[in-house]
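Note sheet for the following structure.
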There are 2 protein chains.
Amino acid sequence: MGEWRGERRARDARIAAGRAHADGKVVPAGAVVDLLESILRPGDRVCLEGDNQKQADCLARGLSACDPDKIHDLHMVQSGIVLPEHLDVFETGIAKRLDYSYSGPQGARIAKMLYGGQIELGAVHTYLELFARYFVDLTPNVALIAGVSADRNGNLYTGPNTEDTPTVVEATAFKNGVVVAQVNEIVDTVPRVDIPGDRVDFVVEADTPFYVEPLFTRDPAAMTETQILIAMMAIKGIYAEYGIRRLNHGIGFGTAAIELLLPTYGEKLGLKGKIATHWALNPHPTLIPAIESGWVKQVHCFGSEVGMDRYIRERPDIFFTGADGSLRSNRAFCQTAGLYACDMFIGATLQIDLMGHSSTVTQSRVAGFGGAPNMGSDPHGRRHPSDAWMKAGREGQIVGDPALMRGRKLVVQLVETFGDKLVPTFVEKLDALELAKKIGLELAPVMIYADDVTHIVTEEGIANLLLCRDADEREQAIRGVAGYTEVGRGRDRAKVEALRARGVIRRPEDLGIEPLDADRALLAAKSIKDLVHWSGGLYEPPARFRNW
Amino acid sequence: MGEWRGERRARDARIAAGRAHADGKVVPAGAVVDLLESILRPGDRVCLEGDNQKQADCLARGLSACDPDKIHDLHMVQSGIVLPEHLDVFETGIAKRLDYSYSGPQGARIAKMLYGGQIELGAVHTYLELFARYFVDLTPNVALIAGVSADRNGNLYTGPNTEDTPTVVEATAFKNGVVVAQVNEIVDTVPRVDIPGDRVDFVVEADTPFYVEPLFTRDPAAMTETQILIAMMAIKGIYAEYGIRRLNHGIGFGTAAIELLLPTYGEKLGLKGKIATHWALNPHPTLIPAIESGWVKQVHCFGSEVGMDRYIRERPDIFFTGADGSLRSNRAFCQTAGLYACDMFIGATLQIDLMGHSSTVTQSRVAGFGGAPNMGSDPHGRRHPSDAWMKAGREGQIVGDPALMRGRKLVVQLVETFGDKLVPTFVEKLDALELAKKIGLELAPVMIYADDVTHIVTEEGIANLLLCRDADEREQAIRGVAGYTEVGRGRDRAKVEALRARGVIRRPEDLGIEPLDADRALLAAKSIKDLVHWSGGLYEPPARFRNW
C-alpha cells in the first residue's frame, strides 16, 4: 500500500506555484521564464510543442532562457526538433534526453550533438508511435503548446493547425501533468473550442504569433520532364491498374507532379472518379486543380499549409472544417487514416539498396522520418478488403492456402535514378547503416524496410516487387530500373529482360507511354500563379513563392 | 467547377429541421423519433454509438421506431453491434449496409442475417481501422452518441466511459455531419468537458441511463489450476525472459490469472518492477492486487469497467483521470498505444491451425475481433527499440544483414488444448474459412495471422515460433504443445524432441516449474470478495458477481 496521490498533489503544487505569475490562468509574455521555472522540476518529461508545421516558439524561447541551475536534465518528448532553441536547451544542460520524430532543419546539428554526447537519444519515432508512447511510458509532466487564441478560462482555438495539440494535451492533462498554451491573443470567446479549457492550466499571450512553416508547397515551375514521365508511369501503371481511390502522397516533387497531372493526363485516360478520390494529405496547393476539376471527394489533413486557409474555408465539402469555417486538422487521426484506411502510400526517398530498403538519412544528418514508416508499412491488423488491396495481395502471395488470402498495402517509392547533385539513389549499402554505427544507434534509421515496399518507379520504368519470387529476382528488378547508376549498370541483362517479359519490370513503352510526351504542357498548373488562378484567387501563397 | 457548400448547406437544413423538436439544443426523450426523422436522410451513413461497453440505447430505440418509409437504406458504421435494436433496423429496412468491429451477444444473429441477405456487409474491422475509415471513406453523416451529462450548450461529460465518443464526434462534426448526444441528465455545468459543445448539435435527455456492460470482470473463483499452470509458464518463460514492461492483456481467464499471480508467483521470482509496469488495458478488477502491491506504474484504458469507478478515483497516480476525478478512457489512443507502444500482446483464441493462424469465429457466429488483430500484429512502422522487442527480433531474424536487424512485437496466444465443452483448440482448418465460404466473405475472418504470432502457450508447454526455421518446424512446434488433441497426437515425436532440445518447445519442467505447484493458493485473490478486500472496499462489483 502506498501513496496514491503523489503525482496529483505534485501537479497541484506546480499549478499553485505558477499562479503566482498569472492573473487567473493568463500569464504575460514577460513572465514566461518565471512561470516555467515555477512549474518545471529537474528530470521532467516535457513536450515542447514542435509539430511538423506549428511551433510553440515563445515557450521555446522561454524554456531556453531558464536558469539551468534550477531547471535541468529535462527529457524532451516532442514531434519536431525544428527551432534552434529546441537544441540550445541541450547545450546549456536544461535538457538531457530526447525522444522525437522529425527534424528537417536541425538534422545536421542533432547528428553532431549526438556524436558529441550532448544529447542522450531515446529514439527517432514516427509521429503515431511517439503519440502512442505518450500514453504508456513517455507521458509528459508538462506540455508547452501553441494555439491561435484562448479565452480566460483556457478554452483554446488552434485554427487550421490543430495538428498534434489534442493528443499532447490529452496525454498530459489526464495524467497529472501541467498544460501551458501560448496564444496569439486572448479573446472573450474563441471561434471554436479545439481544446476545452479544463485541460489547460496556463495561457501565455505570446509576444509574436506562433511560427508556422509552409512545408508542403511545391512550385510547379520547378517540375522537370523526368518527374512528369515518372508521374505518368505511376498514374497509368499503378493508380489505374490497382484502382487506387484512398491514398496518401509524400511531400516530394514527384507526387506533386501526379497531383497536377490528374486533371490532364488522368482525364485523358478516363480515370476521373476511379482513382484518387479520398485522401489523407496536408492541403497541398498542387492539389487545387484536381479539386477544382471535381476529382477529389474528400481530404483529411495532418496539419494545414500556409496560404491555404481562405481556399479551404470556401471548400467545406472537401476538407474537414469547424463551425468557424477553418480547417480542423489532426495528426493522430490522419496518421491512423494513412495507416489503416489508405490503399497506397507513395513517396520519395534518398537511397534504396539492393533489397529495397530505403532511407532519407545521410551520413551527417539525423532528420527523422515523420510519418513515412507508419504510412509506408503494410498493417497486418487491417481486416477490410478493397479491390486495390486484394489485387496487391494476390500478386504478393506466393504460397499457402488461397482461402487464407489477404490483401497488401501498396507502398510505392517514386525516385529519379540520380538525385540532387547527381548523387545516385540506388546504392549497395545505405548510409543509414554507417551513421548508426558511428553514433551508436541500436536500430539503423531505415525509413521503409524492403518487405513493405511493393513498387519502385524511376524514369526507366516500374519494378513490381510483389511479383518477385526470390531475393535474386528482387535484386535484379531493382537493378533493372536503376538506370545508369552503378547498381543499374550491375544488372544481369538476361534476367532483367526475363523479368520484363513477365511484367515484373515495365518500361514506358510497355505501358504505352511515349517519353517525349512527358512535357510540362501536361501540368495543370505550371507555376504558383497558375495555382492561384485555379483557386479563383483564394490561395494566398507565402511571399517567398510569389515571383510575379 | 461546382457547388462547394452542398454538404454544409444540407447539414444546416437538417439542423434547422431538428430544431423544431428541440428547446435550443435540448430534446425531450419523447421527441427522439421526431428528431431523428427530421435530421436523417435515406442512405445516410450513421454511427449509432455502440462501443465495446457504452451503448446509446435510447437513441437506438428511437432509430428502430422510425418510419421505414421515411428513413431507410441507412449505412450503419459503428464499433459494436450489441443491442437487439442494432439489428432490428436491418429487418425493417431502416438500415441496409453494415460496417462494424465487434459483436459479442449478436454474433449468431448477424451470421444468420448475413446468410439470409438481410444485411449487406461492408467489412468486420478492428476498432482503430474503423476509426481510420471515419476520416476517409466511411465518414458519418449523423452520429448518435452517449454521455453521462450535458449542459444546455451541448458541452458533454462522458464520465469514465469516454471510449469511442471523441473520435466519432470529430469525424462527424468537422465533416458537415450532425451530432446527437443522449445523456442521463442535463446540468448547469458539466464536471468536465469531454466533448466541447460546439461539436454537439442536439442533446437528448434519455429516459434511462445509458446501458453499459461489465465485459472485463473475471471471477477468480472460476480459475482452474490448468489456467494457473499456463499463467506460471507465461510469467517465467516469456514475461521474465524478455523483460516485458509495456503490454496489453486480452480478456480471458488466462491473462486474468497472470494478473493475480504477479504479487505472489511473480514476487517470488523477484520480478517486481522488472515486468508488467506499463499497461494499455481496461481497468480489470483482477489487476487490483498487482496495483496495490506496487507492481503497476500506469494504465491507459480503452473504456472503463462497471464497479471500478471509485477505485480508479482513489488511484490517480495509476490511471488517466480528469479534473473531476473520474477515469478518462479513449479507445483510439489506447488502441494506438497497444499497437505502437507495447512490446507484447497476449490473449486467448478459440482455434489455432497448423501454421498458427487463429480465430474466435465459429461456423455459426460472426462476432468480430474488436482490437485483437490490431494489437496482435507486428507494426512494421515501429522505430523505437526496447530490450524485449530487440530480443524477439534477434530470435526471429533468420537471414540478412545484422546491421539491418530490427525488433519484433511479441504476440502470444494463451490457450488450453481443449476449450469449453472439450472442443479441441488446435485444428487442421479454421472454421472461419468454412464460414467465409458459406456467407460469401471476400476475406476469411482470421483474428491473428500466423506470421504475427510469436508464442503459443498451453498446459503442455511454450512453443516459441520465432525460433522455427521453416514451415515444418513450425507445424511440429505447434503440434508439440497441442496435447491430446488430434493435432497434438499427430506430432512427429523425434522432431518434437529435437525442437525441445533446441528450446523451441519448453515443458514446465524445462522452465523449472512443477505442475503440482499450480495451485489456487497462488492466486492473490480467490474470489470477487477478495478483490473488494484488496481494494479497501473501493471496488464495487455489479450484483451478478456478488455471491456473499
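Only heavy atoms go into these numbers, but all of them, side chains included; no hydrogens, no water, no symmetry mates. Residue numbering restarts at 1 for every chain, and letters A, B, ... go by the order of the sequence lines. Keep in mind that what you see is a predicted model, and the values were worked out from it rather than measured.
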Rounded to the nearest 0.5 Å, what separates atom CZ in A:R133 from atom NE2 in B:H384? 4.0 Å
For the CG atom on B:D387, are there more than 12 heavy atoms of other groups (residues, nucleotides or ligands in this structure) within a distance under 6.0 Å? no
Going by atom types only, do B:R8 and A:T321 share a side-chain donor-acceptor pair under 3.5 Å? yes
Looking at B:V136, B:D99, B:T126, which makes the most heavy-atom pairs under 4.5 Å with chain A? B:V136
Segment of A:N176 engaging chain B (4.5 angstrom heavy-atom cut-off): side chain
Shorter than 4.5 Å, heavy atoms on both sides: which option in B:L327, B:T167, B:L441, B:D378 has the most such pairs with chain A? B:T167
Could you give the distance from NE2 (B:H125) to OH (A:Y340), rounded to the nearest 0.5 Å? 12.0 Å
With the side chain counted from C-beta on, respond yes when B:K175 and A:R328 share a heavy-atom pair under 4.5 Å apart, and no when they do not. no
Which portion of A:L433 sits near chain B, non-hydrogen atoms under 4.5 angstrom: side chain
Identify which part of A:A173 has an atom lying under 4.5 Å from any heavy atom of chain B, answering side chain, backbone, both or neither. backbone
Should we count NZ of B:K297 as having more than 12 external heavy atoms under 6.0 Å? no
Given a strict heavy-atom distance threshold of 4.5 Å, which part of A:N248 is in contact with chain B: side chain, backbone, both, or neither? neither
Looking only at heavy atoms, what is the nearest atom pair of A:R383 and B:A123, with distance? O-CB, 4.3 Å
Please classify the contact between A:D452 and chain B as side chain, backbone, both or neither, with a heavy-atom cut-off of under 4.5 Å. side chain
Contacting region of A:M447 [heavy-atom separation from chain B under 4.5 Å]: backbone
Select one option (side chain, backbone, both, neither) describing which atoms of B:D12 are under 4.5 Å from chain A's heavy atoms. neither
For a quick check under 3.5 Å, do B:H278 and A:D137 share a side-chain donor-acceptor pair by atom type? no
Starting from the C-alpha separation in whole Å, work towards a yes-or-no answer on side chain to side chain contact (heavy atoms under 4.5 Å, CB included) for B:R192 and A:F174. CA-CA 11 Å; B:R192 76 175 185 229; A:F174 293 115; 4.1 Å; yes
Under the side chain to side chain contact (heavy atoms under 4.5 Å, CB included) rule, what do B:M405 and A:E442 come out as? Steps first, then yes or no, please. CA-CA 9 Å; B:M405 230 292 295; A:E442 200 174 356; over 6 Å; no
For the residue pair B:A403 and A:A444, what are the closest heavy atoms and their distance? O-CB, 3.6 Å
Can you tell which part of B:I291 gets under 4.5 Å to a heavy atom of chain A, answering side chain, backbone, both or neither? both
Looking at every heavy atom in both A:V193 and B:D198, which two are closest together, and how far apart are they? N-OD2, 2.7 Å
One should read off an interatomic distance between A:L443 CG and B:R382 CZ, to the nearest 0.5 angstrom, of 9.0 Å
Interface moiety of A:T139 toward chain B, non-hydrogen atoms closer than 4.5 Å: side chain
Given a strict heavy-atom distance threshold of 4.5 Å, which part of A:R199 is in contact with chain B: side chain, backbone, both, or neither? side chain
What is the minimum heavy-atom distance between B:A132 and A:T336, and which atoms define it? CB-O, 3.4 Å
Which bit of A:L339 is near chain B, if near means a heavy-atom gap under 4.5 Å: side chain, backbone, both or neither? side chain
Chain A shares the most heavy-atom pairs under 4.5 Å, among B:L404, B:V124, B:V446, with B:L404
For a quick test of reading the model, state the closest non-hydrogen atom pair linking B:P196 to A:P196 and the distance between them. CG-CG, 3.9 Å
Minimal non-hydrogen separation, B:S377 against A:H380, with atom names: CB-CB, 3.8 Å
Max heavy-atom pairs within cutoff under 4.5 Å with chain B, candidates A:G376, A:A432, A:G6, goes to A:G6
For A:P316, is it the side chain, the backbone, both, or neither that has a heavy atom closer than 4.5 Å to a heavy atom of chain B? both
Anything under 30° is parallel, anything over 60° is perpendicular, the rest tilted; go ahead and classify A:F333 against B:F135. parallel
Portion of A:F319 that has a non-hydrogen atom of chain B nearer than 4.5 angstrom: backbone
Pick one of side chain, backbone, both or neither for A:D401, based on which atoms fall under 4.5 Å of a heavy atom in chain B. side chain
Could you tell me whether B:R406 sits above the aromatic face of A:Y449, with NZ or CZ closer than 6.0 angstrom to the six-membered ring centre and within 45 degrees of the axis? yes
Please assess A:H300 against B:Y134 for the test side chain to side chain contact (heavy atoms under 4.5 Å, CB included), listing each intermediate value before the final yes or no. CA-CA 10 Å; A:H300 189 262; B:Y134 285 164; over 6 Å; no
Under 4.5 Å to a heavy atom of chain B? For A:L138 that would be neither
Side-chain (A:D317) to main-chain (B:E7) donor-acceptor, under 3.5 angstrom: yes
